[in-house]
Novice: 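Handing you a structure now.
Start at 1 and go down the list; that is how both ligands and their atoms are numbered.
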Amino acid sequence: MRLILLGPPGAGKGTLATLLKEKFDIVHISTGDIFREEMKSDSELGREVKGYVEGGELVPDSVVTQLIENKLKKDPSVEKGFLLDGFPRTTVQAEDLDGMLDKIGEPVDRVVYMETSLPVIIQRLTGRRICRDCDAIYHITNKPAKTSDQCDVCNGGLYQRADDNEETIKTRMDVYLKNTKPIIEYYQAQGKLINIDANQDTNVSLDFLINNLNEDAKSN
Ligand code: AMP
């Protein structure tokens, strides 16, 4: 199965992706996670993208598309299927992705659009905390860790993303509305969109999505 998760920052793409990955045993590819890893290791790519990521601006299309192309070509585990989280984010990226997948005859099956309201986004992002070691996602009130600054899974330290502050969240929302929202129509026109109310709990979204995907499987 080849899926894309689309939605504003704070829609819960990462949380839903973690559950879907377990359920369907497919590879989770998050461009944001890859960039943060590269920044942590202070690689050339990490240094190149740092200013964009921390400022909430988009990394140039050519850099992101090249990254995804390499991943899809070089990682044999993607043959089982994949879940793209945070890519594509512009119409150019969506067209490039279609081009790449058409070449290998493995088009995207479904695009999940996680619609979310602004107050929910701000509440989720300002309270989000991440484990430095295993990337597990917490929230200070919605999903607190047992010890406030330590991961329940691996005891790693929790941190707040540099771009999860109100000012940068506003930039990210503007960037999303201008660049990423138009992709919804692009996939709608392909008949691939599944709409989810992502204001609700992620487990409710997961059940809804699984029902939709099961219906697809029956009709194929
Ligand atoms: P995310 O973790 O998905 O919220 O992404 C964090 C940041 O990484 C974004 O605000 C961008 O700066 C950058 N980024 C991630 N994916 C992309 C993409 N597909 N295109 C451009 N920039 C991206």
Side-chain angles (χ1 to χ4, degrees), residues 2-18 20-21 27-41 43 45-72 82-101 108 111-114 116 118 120-132 134-139 158-184 186-187 198 202:
R2 292 173 295 277
L3 295 177
I4 293 176
L5 295 185
L6 205 64
K13 298 188 289 294
T15 307
L16 183 61
T18 307
L20 284 169
K21 179 183 150 187
V27 182
H28 172 205
I29 303 173
S30 156
T31 40
D33 284 351
I34 296 174
F35 289 143
R36 281 183 290 278
E37 283 301 317
E38 296 286 337
M39 284 158 55
K40 202 156 72 176
S41 62
S43 69
L45 176 62
R47 287 194 295 274
E48 185 181 349
V49 302
K50 189 174 165 62
Y52 298 106
V53 174
E54 292 191 343
E57 300 287 351
L58 291 184
V59 172
D61 286 333
S62 55
V63 176
V64 195
T65 300
Q66 190 62 57
L67 181 82
I68 291 291
E69 191 163 13
N70 288 345
K71 180 89 185 157
L72 295 180
F82 56 79
L83 181 60
L84 291 175
D85 158 10
F87 180 91
R89 254 175 159 101
T90 65
T91 309
V92 172
Q93 291 178 17
E95 287 167 353
D96 286 346
L97 177 67
D98 274 354
M100 274 180 238
L101 296 177
V108 165
V111 178
V112 181
Y113 171 43
M114 303 175 70
T116 327
L118 192 58
V120 171
I121 290 172
I122 293 179
Q123 193 267 355
R124 281 185 185 159
L125 292 183
T126 50
R128 177 161 68 179
R129 299 292 182 270
I130 319 263
C131 172
R132 252 178 229 294
C134 74
D135 295 327
I137 304 170
Y138 296 88
H139 187 280
L158 303 186
Y159 77 101
Q160 182 170 27
R161 275 173 46 171
D163 56 350
D164 276 350
N165 61 75
E166 286 215 28
E167 198 190 325
T168 314
I169 291 169
K170 191 178 171 309
T171 307
R172 288 160 69 199
M173 275 309 292
D174 291 346
V175 166
Y176 168 78
L177 292 173
K178 182 164 168 249
N179 300 280
T180 311
K181 201 125 193 262
I183 308 183
I184 294 160
Y186 177 86
Y187 287 117
T202 313

Novice: Going by side chain to side chain contact (heavy atoms under 4.5 Å, CB included), name the residues that satisfy it together with V92, two or more places apart in sequence or in a different chain.
Specialist: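 Partners of V92 by the side chain to side chain contact (heavy atoms under 4.5 Å, CB included) criterion, ordered by chain and then number, come out as D61, T90, D96.
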
Novice: Quick one: which ligand 1 atoms are inside 4.0 Å of a heavy atom on Y52?
Specialist: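 Ligand 1 atoms under the 4.0 Å threshold to Y52: 12 (O).
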
Novice: Heavy-atom contacts with E57 under 4.0 Å: which atoms of ligand 1 show up? List them by number with element.
Specialist: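 This gives 11 (C), 12 (O) as the contact atoms.
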
Novice: Please answer whether the main-chain N or O of R132 pairs with a side-chain N or O of K40 as donor and acceptor at a distance below 3.5 Å.
Specialist: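 Looks like yes, one N/O pair under 3.5 Å.
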
Novice: Tell me every residue that passes side chain to side chain contact (heavy atoms under 4.5 Å, CB included) with Y113, counting only those two or more places apart in sequence or in another chain.
Specialist: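 Residues passing side chain to side chain contact (heavy atoms under 4.5 Å, CB included) with Y113: E115, Y176, K181, I184, L193, N195.
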
Novice: Can a salt bridge be assigned to the pair K170 and E167 using a cut-off of 4.0 Å between side-chain N and carboxylate O?
Specialist: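 Here K170 does not pair with E167 in a salt bridge, since their nearest N and O are not under 4.0 Å apart.
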
Novice: Does an N or O from F87, backbone or side chain, lie closer than 3.5 Å to an N or O of ligand 1?
Specialist: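 No, since none of the N or O atoms of F87 sits under 3.5 Å from an N or O of ligand 1.
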
Novice: Does the N or O separation between D33 and ligand 1 drop below 3.5 Å for any pair?
Specialist: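 Between D33 and ligand 1 (N or O atoms, distance only) the closest approach is not under 3.5 Å.
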
Novice: Quick one: nearest non-hydrogen protein atom to atom 7 (C) of ligand 1, plus distance?
Specialist: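 Heavy-atom neighbour on the protein nearest atom 7 (C) of ligand 1: V53 CG1, 3.9 Å.
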
Novice: Testing the basics here: between L20 and L5, what is the closest heavy-atom pair and its distance to 0.1 Å?
Specialist: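 Smallest heavy-atom distance, with atoms named: CD1-CD2, 4.2 Å.
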
Novice: Does G56, backbone or side chain, put an N or O under 3.5 Å from an N or O of ligand 1?
Specialist: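 No.
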
Novice: Does the pair R172/D164 count as a salt bridge with the N-to-O cut at 4.0 Å?
Specialist: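 A salt bridge links R172 with D164.
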
Novice: Shortest non-hydrogen contact from K71 to I29?
Specialist: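 Where K71 meets I29 most closely, the heavy atoms are CG-CD1, 3.8 Å.
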
Novice: Which pair of non-hydrogen atoms, one from P88 and one from A94, has the smallest distance, and what is that distance?
Specialist: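 Heavy atoms of P88 and A94 come nearest at CB-N, 3.5 Å.
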
Novice: Distance under 4.0 Å to a non-hydrogen atom of Q93: what atoms of ligand 1 satisfy this?
Specialist: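 This gives 18 (C), 19 (N), 20 (N), 21 (C) as the contact atoms.
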
Novice: Give a yes or no on whether the backbone of G86 and the side-chain of T31 come within a donor-acceptor separation of less than 3.5 Å.
Specialist: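 Yes; judged by distance alone, with no hydrogens or angles, the pair exists.
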
Novice: At a 4.0 Å threshold, what atoms of ligand 1 neighbour a non-hydrogen atom of F35?
Specialist: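 Answer for ligand 1: 8 (O), 13 (C), 14 (N), 15 (C), 23 (C).
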
Novice: What residue and atom, counting heavy atoms only, is the protein's closest point to atom 22 (N) of ligand 1, and at what distance?
Specialist: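 Among all protein heavy atoms, the one nearest atom 22 (N) of ligand 1 is V59 N, 3.0 Å.
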
Novice: Nearest non-hydrogen contact with atom 3 (O) of ligand 1 belongs to which option: R161, R89, R172, K50?
Specialist: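 Of the listed residues, R89 has the closest heavy atom.
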
Novice: I'd like to check which ligand 1 atoms, numbered from 1 as shown, lie under 4.0 Å from a non-hydrogen atom of G86.
Specialist: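 It comes down to these atoms of ligand 1: 16 (N), 17 (C), 18 (C), 19 (N).
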
Novice: Does R36 have a non-hydrogen atom less than 4.0 Å from ligand 1?
Specialist: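 Contact check R36 vs ligand 1: positive.
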
Novice: Is there a nitrogen or oxygen of T31 sitting under 3.5 Å from a nitrogen or oxygen of ligand 1?
Specialist: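 Among all N and O atoms of T31, at least one is under 3.5 Å from an N or O of ligand 1.
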
